[in-house]
Amino acid sequence: MYQADETTGTTIAYLTYDRLRNDIVNACFAPGQKLRTRSLCERYSVGLAPLREALTRLSREGLVVQSDRQGFSVPKFGEKHLEELTRTRIWLNSIALRASIEYADSDWKENLILAYHRLSQLPRYIEIEGETRTNEHWEVAHNRFHKALISGCRSGLLIDYCCQMFEAANYYRHYSRISRTRRKARETEHDKIFKAVIAQDADAAERLLSSHFASTANNVLERMALDQKSD
């Protein structure tokens, strides 16, 4: 009985973590917003223990800030944080991508081909009741494609760090609401990255992936500048 209860508690904590993480990444909370535990317990219909476990885990990943006096809050995402995040993403993903190409084997290539094929077959946005919305299946496929690129680097820690930064960057990507023209360009970037990696052209693959990350950051910075002008 105790083991079953423990498993159930762990499952609830994970589900709470997953839902809260998705809400933060999808910009459902404003930068710097306090995450009040009572309100979140009601939002996710959970108790205090699994919620605190989820918040603590997210704080380790950098998606939640924990303060002794203020409790938990969403990080104050901004220009400085975005620039630092982008630089670090480029550095670490470049190392992981080059290592994956160096250690390339049939399993890694097959996994990457499947991930790219799945991504290329899905529309990024869908129309629901006359409203354009993000396709959740595309989001999952997009995540898997970027993880597949670096999955052959033979370093679980490096992959985890890159995935954490991918989630943080997703916040900015959702915030920026990239135009339809740029959305199409982004899909072309994925195609070029994939072809360079499959050809095992490490220099071209690293350059294209770095440009891909930098382009996302520049789009967000443009949006931030427009928002500041309108305030």
Side-chain angles (χ1 to χ4, degrees), residues 10-11 13-33 35 40 44 50-67 71-100 108 111-112 115 119 134 136 138-176 186 189-190 193 197 205-206 209-221:
T10 301
T11 301
Y14 177 79
L15 292 174
T16 305
Y17 153 82
D18 192 50
R19 292 176 64 190
L20 179 54
R21 182 193 61 186
N22 286 338
D23 282 349
I24 292 173
V25 169
N26 289 320
C28 294
F29 301 101
Q33 180 175 338
L35 298 172
L40 292 177
Y44 302 117
L51 177 65
R52 283 195 171 277
E53 184 176 335
L55 286 167
T56 299
R57 180 175 177 180
L58 286 166
S59 69
R60 291 197 297 268
E61 295 180 3
L63 287 175
V64 166
V65 175
Q66 184 175 9
S67 169
F72 296 94
S73 62
V74 178
K76 293 183 178 179
F77 294 117
E79 182 176 333
K80 183 177 180 181
H81 177 266
L82 174 60
E83 291 175 345
E84 181 181 356
L85 172 66
T86 303
R87 284 197 304 272
T88 309
R89 287 187 78 197
I90 289 173
W91 291 336
L92 295 188
N93 277 270
S94 293
I95 294 171
L97 183 62
R98 280 187 171 275
S100 294
W108 173 69
N111 181 50
L112 178 58
L119 177 64
T134 300
E136 293 182 0
W138 184 93
E139 291 288 349
V140 172
H142 181 231
N143 190 339
R144 288 177 178 171
F145 170 69
H146 275 279
K147 186 174 182 179
L149 288 171
I150 61 173
S151 63
C153 71
R154 301 186 182 180
S155 172
L157 287 174
L158 183 54
I159 292 171
D160 286 345
Y161 289 141
C162 289
C163 288
Q164 288 174 22
M165 287 184 290
F166 181 91
E167 293 289 356
N170 265 350
Y171 177 91
Y172 289 105
R173 188 165 57 80
H174 285 288
Y175 166 83
S176 66
R186 305 296 286 169
E189 289 173 14
H190 289 141
I193 293 167
V197 173
E206 179 185 351
L209 185 62
S210 298
S211 176
H212 182 61
F213 291 157
S215 177
T216 297
N218 288 333
N219 290 335
V220 177
L221 289 171

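The figures here come from the full heavy-atom set of this structure, side chains too, leaving out hydrogens, waters and symmetry mates. All residue numbers refer to positions in the sequence shown, counting from 1.
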Visitor: With the side chain counted from C-beta on, respond yes when Thr16 and Leu55 share a heavy-atom pair under 4.5 Å apart, and no when they do not.
Guide: no

Visitor: Can you name the closest pair of heavy atoms from Leu119 and His190 and give their distance?
Guide: CD2-ND1, 3.9 Å

Visitor: Using a 3.5 Å distance criterion without hydrogens, assess whether the side chain of Asn143 forms a donor-acceptor pair with backbone atoms of Glu139.
Guide: no

Visitor: Is the NZ or CZ atom of Arg19 both under 6.0 Å from the centre of the six-membered ring of Tyr44 and within 45° of that ring's axis?
Guide: no

Visitor: Under the side-chain contact (heavy atoms from CB on, under 4.5 Å) criterion, do Leu158 and Cys162 qualify, and how do the steps go?
Guide: CA-CA 6 Å; Leu158 183 54; Cys162 289; 4.3 Å; yes

Visitor: Can you give me the closest heavy-atom contact between Pro75 and Leu63, atom names plus distance?
Guide: CD-O, 3.1 Å

Visitor: Whether the side chain of Ser215 engages the backbone of Ser211 through a donor-acceptor N/O pair (distance < 3.5 Å, no angle test) should be reported.
Guide: no

Visitor: Once you round to the nearest 0.5 Å, how far does CG of Asp18 lie from OH of Tyr14?
Guide: 4.5 Å

Visitor: Roughly how far, to the nearest 0.5 Å, is CD1 of Ile159 from CG of Leu92?
Guide: 12.0 Å

Visitor: Tell me if the CD atom of Glu136 is crowded by more than 12 foreign heavy atoms within 6.0 Å.
Guide: no

Visitor: On a heavy-atom basis, which atom in Ser94 and which in Ser210 lie closest, and how many Å separate them?
Guide: OG-OG, 3.6 Å

Visitor: Take Leu40 and Phe72 through the side-chain contact (heavy atoms from CB on, under 4.5 Å) test and state the conclusion after the steps.
Guide: CA-CA 11 Å; Leu40 292 177; Phe72 296 94; over 6 Å; no

Visitor: Should Ser59 and Val65 count as side-chain neighbours, where that means a heavy-atom distance under 4.5 Å?
Guide: no

Visitor: How long is the span from the CG atom in Asp160 to the CE atom in Met165, to the nearest 0.5 Å?
Guide: 10.5 Å

Visitor: Using the side-chain contact (heavy atoms from CB on, under 4.5 Å) rule, take Leu221 and Asn218 through it: C-alpha gap first, then chi angles, then the decisive distance, then the call.
Guide: CA-CA 5 Å; Leu221 289 171; Asn218 288 333; 4.3 Å; yes

Visitor: With a 3.5 Å distance limit and no angle check, can you tell me whether Asn93 reaches the backbone of Arg89 through a side-chain donor-acceptor pair?
Guide: yes

Visitor: I'd like to know whether CZ of Arg21 has more than 12 heavy-atom contacts from other residues, nucleotides or ligands below 6.0 angstrom.
Guide: yes

Visitor: Heavy atoms only: give me the nearest Leu97-Ile150 pair and the separation to one decimal.
Guide: N-CG2, 3.9 Å

Visitor: Can you tell me how far NZ of Lys147 sits from CG of Leu112, rounded to the nearest 0.5 angstrom?
Guide: 14.0 Å

Visitor: How many angstroms lie between CD in Gln164 and CG in Leu85, if you round to the nearest 0.5 Å?
Guide: 11.5 Å

Visitor: Can you tell me how far apart CG (Leu58) and CG (Leu35) are? Round to the nearest 0.5 Å.
Guide: 9.0 Å

Visitor: Going by heavy atoms in the side chains, are Val64 and Val74 under 4.5 Å from each other?
Guide: no

Visitor: Side-chain contact, heavy-atom cut-off 4.5 Å: His81 with Tyr172?
Guide: yes

Visitor: Parallel, tilted or perpendicular for His146 and Phe166, by the 30°/60° rule?
Guide: tilted

Visitor: Could you give me the CA-CA distance, side-chain angles and deciding distance for Leu209 and Phe213, then say whether side-chain contact (heavy atoms from CB on, under 4.5 Å) is met?
Guide: CA-CA 6 Å; Leu209 185 62; Phe213 291 157; 3.7 Å; yes

Visitor: Please name the pair of heavy atoms, one in Ala148 and one in Ala115, separated by the smallest distance, quoted to 0.1 Å.
Guide: CB-CB, 3.9 Å

Visitor: Would you name the heavy atoms of Ser73 and Gly32 that are closest together and state the gap between them?
Guide: CB-O, 4.1 Å

